[in-house]
Amino acid sequence: MFKYQLHKLSKGAREARAVLLEDILTSDVFGVMSYFPYDFILKRFFQQVRVKNPRSHFLVPPIAPEEVHFWKGIRWPEMLPHLGRTFIEPDVIIEWPNMLFIIEAKFVSATDPEELLRQYIVGATEASSNQQFFLLLIDKNMSPPSVAYRELPTRVTVPEYIEARIKELNLSEKFPPERVSQSCLWVNWQSFYALIEGLVVKDKPDRIAEINQVRGKILADLLLILERKGLIPFETLKLSDFDRYDIDIGALAEIGRMMKRSFSDLSDISIDISVVGGIGSVVNDSVPFLSEFRLDQEALTAHLAHTDPSN
């Protein structure tokens with residue numbers, strides 16, 4: 001399947017769409033994890049999740065899970081409001097004796113807060129009395145997504161949405177709203193890319209010897225697939241690079257003032273890739289170089305404060 005995807009992704013837009021489904025990406029990533037020792041990939045992935053969610057109660061399990069299920073259907077519990085569904089089908093369910101972990105994966109489709117609400121209340125119901133429950137959303141945003149809620153003028157986080165809906169449904173006694181933010185986790189696919197890149201590239205000699213050459217080739221193909229799906233994490237764009245790419249710092253400052261929004265809000269904006277392509281041609285450089293950088297916000301803010309004529 002890896003070779004088929006690599007072939008399609010090299011063909012361009014129409015054929016590439018055939019392998020840009022989130023179920024395929026989920027299978028690529030978590031399916032591969034299941035073929036490796038827990039300590040080698042999955043445990044490291046959970047360590048990333050822990051870092052991304054410092055306020056949660058999630059602790060990385062020290063031992064391998066007992067069961068991993070893909071797209072397992074769970075019948076809707078009779079004691080819950082139906083919400084128009086008779087079952088849920090999480091992308092991945094991972095179980096330990098003391099933990100039930102559900103993963104909802106997004107890639108090309110938008111975050112559906114009602115879907116995550118259903119995953120949360122059914123998953124929390126399925127967890128036994130001695131199991132902690134966690135719901136992980138994995139997507140390609142650069143920060144946790146926000147969603148619209150009723151008539152509120154501002155968007156809310158996914159945990160805030162779930163908390164509000166639990167109160168609306170009069171389920172607060174069964175699902176204490178204060179536990180939602182402790183149990184709802186988020187991470188992006190780019191974090192997984194960084195993990196695999198570290199295994200394949202940065203520590204290649206030692207790691208290949210550790211897991212053998214065949215598995216090393218599997219990881220190398222997976223890394224290439226993630227790259228061609230545009231899931232390379234950003235790296236710091238140093239101020240010295242502005243001259244290198246002929247970026248007008250004054251114009252950039254003006255754009256920032258016009259937007260009047262923080263850099264952290266940029267992940268909420270849908271970007272038209274054709275427009276980005278146009279920008280790439282204007283600056284006389286290829287679009288892929290954009291994925292190699294992320295702005296160093298502190299350095300950029302300091303520089304703009306120094307160069308802003310209004311200061």
Side-chain angles (χ1 to χ4, degrees), residues 1-9 19-53 56 58-72 89-107 119 123 131-140 185-233:
M1 189 63 183
F2 279 4
K3 300 301 183 185
Y4 172 76
Q5 290 185 71
L6 290 171
H7 169 70
K8 287 292 186 181
L9 289 168
V19 293
L20 288 179
L21 301 176
E22 52 211 16
D23 284 351
I24 294 178
L25 183 57
T26 301
S27 179
D28 289 341
V29 170
F30 293 99
V32 164
M33 286 189 198
S34 67
Y35 291 107
F36 287 82
Y38 172 66
D39 288 349
F40 189 69
I41 300 185
L42 186 54
K43 186 176 182 180
R44 286 184 168 99
F45 173 74
F46 283 134
Q47 289 168 346
Q48 289 184 323
V49 172
R50 173 62 182 162
V51 170
K52 289 278 190 180
N53 300 271
S56 77
F58 174 67
L59 296 176
V60 179
I63 60 174
E66 290 188 343
E67 295 184 81
V68 179
H69 305 280
F70 291 86
W71 304 289
K72 177 184 177 181
E89 190 179 73
D91 294 307
V92 187
I93 301 175
I94 306 176
E95 292 191 63
W96 289 262
N98 63 346
M99 186 185 298
L100 178 65
F101 197 98
I102 285 181
I103 298 173
E104 182 60 32
K106 295 296 179 186
F107 181 38
Q119 304 273 18
Q131 283 182 312
Q132 282 188 297
F133 170 68
F134 294 97
L135 172 63
L136 172 68
L137 170 65
I138 180 169
D139 61 24
K140 61 180 180 179
L185 313 172
W186 169 85
V187 75
N188 58 21
W189 295 110
Q190 291 88 333
S191 297
F192 185 76
Y193 179 97
L195 168 61
I196 299 301
E197 183 184 40
L199 296 176
V200 173
V201 180
K202 296 179 182 178
D203 299 321
K204 186 173 182 178
D206 294 338
R207 297 306 181 188
I208 296 302
E210 179 181 341
I211 63 174
N212 78 41
Q213 192 172 10
V214 173
R215 287 180 174 176
K217 290 180 179 178
I218 292 173
L219 291 182
D221 273 356
L222 176 58
L223 191 69
L224 187 54
I225 285 173
L226 294 172
E227 180 180 332
R228 292 189 178 179
K229 290 186 177 182
L231 297 174
I232 303 175

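Heavy-atom basis, side chains included; hydrogens, waters and symmetry copies ignored. Predicted model, so just to flag it, every value in this text is computed and none were measured.
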Q) Side chain of Asn98, backbone of Gln132: donor and acceptor closer than 3.5 Å? A) no

Q: Could you tell me which residues satisfy side chain to side chain contact (heavy atoms under 4.5 Å, CB included) with Val51, sequence neighbours excluded, listed by chain and number?
A: none

Q.
Please give me the minimum heavy-atom distance between Leu135 and Gln119, naming the atom from each residue.
A. CD1-CB, 3.9 Å

(Q) Which residues pass the side-chain hydrogen bond (donor to acceptor under 3.5 Å, both in side chains) test with Lys52, not counting sequence neighbours? (A) none

Q. Nearest 0.5 Å, what's the CG-NZ distance between Leu25 and Lys106?
A. 12.5 Å

Q | Which residues share a side chain to side chain contact (heavy atoms under 4.5 Å, CB included) with Tyr38, sequence neighbours left out | A | Leu42, Lys43, Phe46, Val60, Pro61, Ala64, Pro65, Trp96

(Q) List the residues meeting side chain to side chain contact (heavy atoms under 4.5 Å, CB included) with Glu66, not counting sequence neighbours, and say none if there are none. (A) Pro97

Q: For Gln190 and Lys140, indicate whether the former's side chain and the latter's backbone hold a donor-acceptor pair under 3.5 Å.
A: yes

Q.
Can you list everything that forms a side chain to side chain contact (heavy atoms under 4.5 Å, CB included) with Gln131? Sequence neighbours excluded, please.
A. Glu95, Leu100, Ala127, Ser128

Q | From CA spacing to verdict: side-chain hydrogen bond (donor to acceptor under 3.5 Å, both in side chains), Trp71, Asp91 | A | CA-CA 5 Å; Trp71 304 289; Asp91 294 307; 3.1 Å; yes

Q: Working to the nearest 0.5 Å, report the span between CG of Leu136 and CH2 of Trp186.
A: 10.0 Å

(Q) Using every non-hydrogen atom in the two residues, find where Ala105 and Thr26 come nearest and quote the distance to one decimal. (A) CB-OG1, 3.1 Å

**Q.** 4.5 Å side-chain heavy-atom contact, Val49 and Phe58
**A.** yes

Q. Measuring from Phe70:CZ to Phe30:CZ, what's the distance to the nearest 0.5 Å?
A. 8.0 Å

Q: Look up atom CZ in Phe101 and atom CG in Leu185, then write down how far apart they are to the nearest 0.5 Å.
A: 5.0 Å

Q | Pairwise distance CG(Asn188) to CG(Leu137) - rounded to 0.5 angstrom | A | 10.0 Å

Q) Considering residues at least two apart in sequence or located in another chain, which fulfil the ring pair (Phe, Tyr, Trp, His ring centres under 6.0 Å) criterion with Phe192? A) none

**Q.** Note, Met33 side chain near Val68 side chain (heavy atom, < 4.5 Å)
**A.** no

Q. Rounded to the nearest 0.5 Å, what separation is found between the CD1 atom of Ile103 and the CD1 atom of Ile138?
A. 7.0 Å

